Amino acid sequence: MSTAPEPIDGGMLHPELRAPDDRDAIIRGGRRLDHAEGTSKPLRTRPEPQPRGAKVYGNRPIDQQEAAARFIAAPEHERMHDERLWDLRQKRDREMHGIPEWEELRSLASAIKEHTLTHLDEYLDQFEANARANGIHVHWARDAAEHNQIVNGILRDHGAKSLIKSKSMLTEECGFRSYMASVGIEVIETDLGERIQQLDNEDPSHVVVPAVHKLRTDVADVFSRTIGTDPDNSDVHYLAEAQREATRPLILNADAGMTGANFVVAETGTFVVCTNEGNADLSANVPKLHIASIGIEKIIPRMEHLAVFVRLLSRSALGSPMTQYTSHFRGPRAGGEMHVVLVDNGRSERLGLAEFWTSLKCIRCGACMNTCPVYRRSGGLSYGATYSGPIGLIIDPTFNKRKYSNLPYASSLNGSCTNVCPVKINIHEQIYAWRRVLAEEHAVPLVKKAAMKAAGMLLSRPAAYRAVIAAADTALAHLPRFVIYNGLNAWGKHREVPHAPKQTFHSWYHANRGAKQ
Ligand code: SF4
C-alpha cells in the first residue's frame, strides 16, 4: 500500500526556500514542491526494471556494446540518464559563461598539474615531512593490495570493527569494501548515492553522482529490500529521510572513519575534501580515528593553487559555484589519530607513458562524462570498470589492456570531452592513441582486426576503392535487406544505412571541375 509523501513544509526546507514571495516556487495540488520533486516526471505505474551493468568474466574483454544495448532498450532509464547529465552540462556552461577568466583558469590548472606531476617526488616528500610535523601518520602503498593491508593493520591495532567512509574512487579501484568484508570489518558508505549503490551491491556509475543511472523507483526498490521502506513510495524526501534514519546510528557508533581527498597541499602538509552532503566531515570527525586514502597525483604545491581548482571543480562537475563543504584537514583532533595512506597503484607507471601521462591531471569532476553522447546513452555501468566515460577510456587500459581493450572504441571522438575538461586533458586524442596502441599490441578483437585490415588495403588502392564504391552504390539499391542488415553490420543494428547518392563526389568533381585543372 502506498504511503502518502511526507509533507515538506515543516522543517525540511531551509527557511529561505519557504519564502512566501519566491517566484520560482513550484506548487502542485496546493503543496509546495522542491526542485527535485517539481522536475520529476510521473513514472509508469509498473516501474521499468533497472538495466544492469556489463557482464564481467575474469580477464575477458568487456563487451560494453552489449551492456549499452540493454541500457538503451530501457527507454525510461536512457531518457532520464541522458536528460539528467545534459542538464549538468548546461549548468556547467552557464557557470562558465559567468567567469570571464575561465579559459585562463583552465590553462593555469593544467600548468600547475603538469608542473607538479613532473616534480612529483619532491612535492610528495615535502607533503610527507609537513604532514608528519602536523601529527599525521603517513603510509605509502605500492598497489591496491598494500593499501587494503595497511588500512586493515591500522584498524586492527585499534580494535576497530566498523568503518564509516565518504565517497572515494580510489577505494573502488582497490576493491576496498569486499576486502574489508573478507576480514570481518563492516564498511558503511555515508554519501547518499554511494550508499544506494552499496545497498544494491553495485559499483558507482559516475565519479560524482554514483547512482545517477537509477530512477526513483529503482531506489524505492533497493530501500524496501534493505532498510524496509514502502516499495510503492518513491518520494525523494521520504527515501532520503528513511536512509538518513537508518544510517545515522551506524555513523554515531562507528569505530573509525575514512575519507579520500580532492587536493593535497605540499607546503602545509594538509588535505582538502570537497562534498555536498557533509558526509566526509561526519566520517572524519565522529570517530576518533580518521584514515584518508589518497592517490599520489592529488598533490598541489601551495595553498594559493587551491583557489584555482576549487573555482573549477564544482562548476565543471555540477554547474554550481562551490561544493557545499570544502573541508581542510591539518592534523588529528584532540585525543584522536589521523593516518594518510598515499597510494600509487599504477600511477608511477602511467606517469612514464609519453602519450598518456597527462591523464594524471584529472580532478575527477565528471564533466567529460556529462557531455559524452555515448556515456549519456549507455550508462556508466556498461563500461564494466571503475572509471567510465571518456576519462575511463584512457585510464582503464593502464590497469588491464586486455580486459579494457574494447573501451577506447566507445567514443565518437567528437572532442567535447576535451573542450569541457577543466585541466585541459586532450582526452579524445588519447582515446584515439589508445586504439593505435591496442592495435599494435594485438589487443583488438579478431573481427575488428580483420575489418580494419580489409579497409586499410582498400583505402590504399584508389582505383580499387572507386570500383568498390561504385559497385556498393548499385548493390545497396538492389540487394535483399537480409544481406545488408545482418550480424556483421554493426552500423545497421541500430540505424538504417543511408541511401547512396546517384553520383559520388569524386565522379562529380571529375565531370565538372576535372578538365579545368
Ligand atoms: S578528465 Fe577532465 S573532465 Fe574528465 S573527470 Fe577528469 S578533470 Fe573532469
Side-chain angles (χ1 to χ4, degrees), residues 85-86 88-93 95-96 102-103 105-114 116-117 167-170 172-173 193 204-210 212 260-264 272 274 295-300 305-306 308-320 323 346-347 350-351 353 355-376 380 383 385-399 404 407-408 410-434:
L85 294 170
W86 188 243
L88 293 181
R89 160 70 209 263
Q90 287 178 311
K91 285 182 179 146
R92 172 247 172 228
D93 290 353
E95 283 297 324
M96 176 197 76
W102 183 259
E103 286 307 314
L105 278 176
R106 287 178 74 213
S107 300
L108 255 175
S110 172
I112 294 167
K113 280 282 181 183
E114 288 196 13
T116 317
L117 288 168
K167 190 164 67 58
S168 147
M169 292 309 291
L170 175 63
E172 298 292 329
E173 251 182 63
S205 73
H206 187 288
V207 293
V208 176
V209 273
V212 68
N262 294 84
F263 305 103
V264 173
V272 177
C274 305
I296 55 173
E297 83 284 14
K298 297 282 165 129
I299 203 146
I300 54 174
H305 298 142
L306 184 65
V308 174
F309 293 99
V310 167
R311 292 186 76 196
L312 287 166
L313 178 64
S314 191
R315 287 187 168 91
S316 300
L318 299 170
S320 58
T323 44
R347 285 157 175 77
R350 203 179 305 153
L351 195 56
L353 300 175
E355 288 181 282
F356 306 113
W357 71 276
T358 56
S359 63
L360 286 162
K361 292 192 291 182
C362 177
I363 56 171
R364 308 281 191 266
C365 72
C368 57
M369 305 160 93
N370 303 343
T371 199
C372 175
V374 176
Y375 178 85
R376 279 190 278 118
Y383 295 73
T386 301
Y387 299 101
S388 52
I391 183 61
L393 305 190
I394 59 176
I395 289 184
D396 295 326
T398 65
F399 290 112
Y404 303 119
L407 295 191
S411 167
S412 64
L413 298 180
N414 61 66
S416 179
C417 46
T418 300
N419 289 340
V420 297
C421 178
V423 285
K424 287 194 162 181
I425 301 173
N426 58 337
I427 307 171
H428 73 294
E429 289 171 0
Q430 292 194 31
I431 295 172
Y432 184 67
W434 266 116

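Start at 1 and go down the list; that is how both ligands and their atoms are numbered. Since the structure is predicted, the reported quantities are computational estimates derived from the model, not experimental observations.
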| field | Derivation of the salt bridge (Lys or Arg N to Asp or Glu O under 4.0 Å) call for E297 and R364 | value | CA-CA 11 Å; E297 83 284 14; R364 308 281 191 266; 3.6 Å; yes
| request: May I ask you to decide if the ring planes of Y375 and H206 are parallel, tilted or perpendicular, using 30° and 60° as cut-offs? | output: perpendicular
| field | Distance in Å, R315 CZ paired with E95 CD, rounded so as to fall on 0.5 Å steps | value | 5.0 Å
| request: Under 2.8 Å from atom 6 (Fe) of ligand 1, how many protein N/O/S atoms do you get? Just the number, please. | output: 1
| request: Ignoring hydrogens and angles, tell me if any N or O in the side chain of N370 forms a donor-acceptor pair with the backbone of L85 under 3.5 Å. | output: no
| task | Report yes or no: does K167 contribute a side-chain atom to a donor-acceptor pair with the main-chain N or O of V207 at less than 3.5 Å? | result | yes
| Within a strict 4.5 Å, meaning less than it, do heavy atoms of the V212 and S205 side chains meet? | yes
